[in-house]
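Taking it in order: structure first as structure tokens, then the write-up.
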Amino acid sequence: MDDRQIDAAELLRRKSRQQYWTTTKRTSPLKKYIPSVKKAKDYVVLDFETTGLRPGADQIIQVGAVKFRNHEQIGIMNQLVNPLRSISTRITALTGITNTMVKNEPKIDSVINELIEFIGDLPIVAHNASFDMNFLYALEEKVEVPTYTVIDTLKLSRKVFNETPNHKLTTLAQYLQLEHNAHDALGDCLVTAKIYQYCFKHSI
């Protein structure tokens, strides 16, 4: 089964559960990053929107990143990316990103260098971090990606939120009554940041 046969709800379910198809070794990049549960006050929250779920085979279509110093927002990167392939109607339904929107946007080759410079030596915070990090490290054919320290708010939230039916980003946003532009990379970053800050205060 490929992503053309899966509706938007199924794509979301599979993204949150981290169920990737296995096609070639190229679509399963090595886990180069360093998972961490240490509390950080300075960090970059990262989120990608993509054409599908297979790193290396599918492509990034939006990069969202928000930089924080002492939990205060100091910078934003929000960039659509031309994936050099068609975006399916199901992905458009999920993300709102159309082929027309990305037609004249930069390719990932230039965007990834901008992202690496934006992150610098800060740790990365992401929700279900393996999804985003696998897409990031799949780009090592184009550029050397540093070995980042990565804090996963999905794992943190499981230790902090006991009342929610699950720990999806949308569920946690609703529980905390956060405004959430879901499936927009920047919108997901802003909510992830608030969830991380909540976990930072309430975790042991």
Taking side chain as C-beta onward, heavy atoms only, is T147 less than 4.5 Å from Y33?
no

- Query: Does one side chain, of T50 or D58, offer a donor that lies under 3.5 Å from an acceptor on the other?
  - Reply: no

Separation between CZ (F118) and CG (L46), nearest 0.5 Å, reads 9.5 Å

Contacts satisfying salt bridge (charged side-chain N to carboxylate O under 4.0 Å, His left out) that involve residues 110-123 (not counting sequence neighbours) are none

Hey, does the side chain of D184 reach the backbone of L186 with a donor-acceptor pair shorter than 3.5 angstrom?
-> yes

Kindly indicate whether the side chain of K194, heavy atoms from C-beta on, has any atom under 4.5 Å from the side chain of L176.
no

Min side-chain heavy-atom separation T149-I124 under 4.5 Å = no

When L139, L115, V143 are each screened for side chain to side chain contact (heavy atoms under 4.5 Å, CB included) with I108, the one that passes is L139

Check: If only atom types and distance count, is the side chain of H167 paired as donor or acceptor with the main-chain N or O of F161 below 3.5 Å?
Finding: yes

Under 6.0 Å from the ring centre and within 45 degrees of the ring axis: does the NZ or CZ of K32 meet both conditions for the six-membered ring of Y137?
no

Ring-face cation of K67 near Y43 (centre distance under 6.0 Å, axis angle within 45°)
no

Original post:
Less than 6.0 Å separating the ring centroids of Y196 and H127?
Top reply: no

Cluster link L136 to V44, ILVMFWY, side chain under 4.5 Å: yes

Quiz item: So, T192 side chain and D188 main chain: donor-acceptor pair closer than 3.5 Å or not?
Solution: yes

- Query: Do the non-hydrogen side-chain atoms of V81 and F48 ever get within less than 4.5 Å of each other?
  - Reply: no

Per side chain to side chain contact (heavy atoms under 4.5 Å, CB included), I91 is matched among I61, I97, T98 by I61

Closer than 3.5 angstrom, by distance alone: can the side chain of N82 be matched with the main-chain N or O of K103 as a donor-acceptor pair? yes

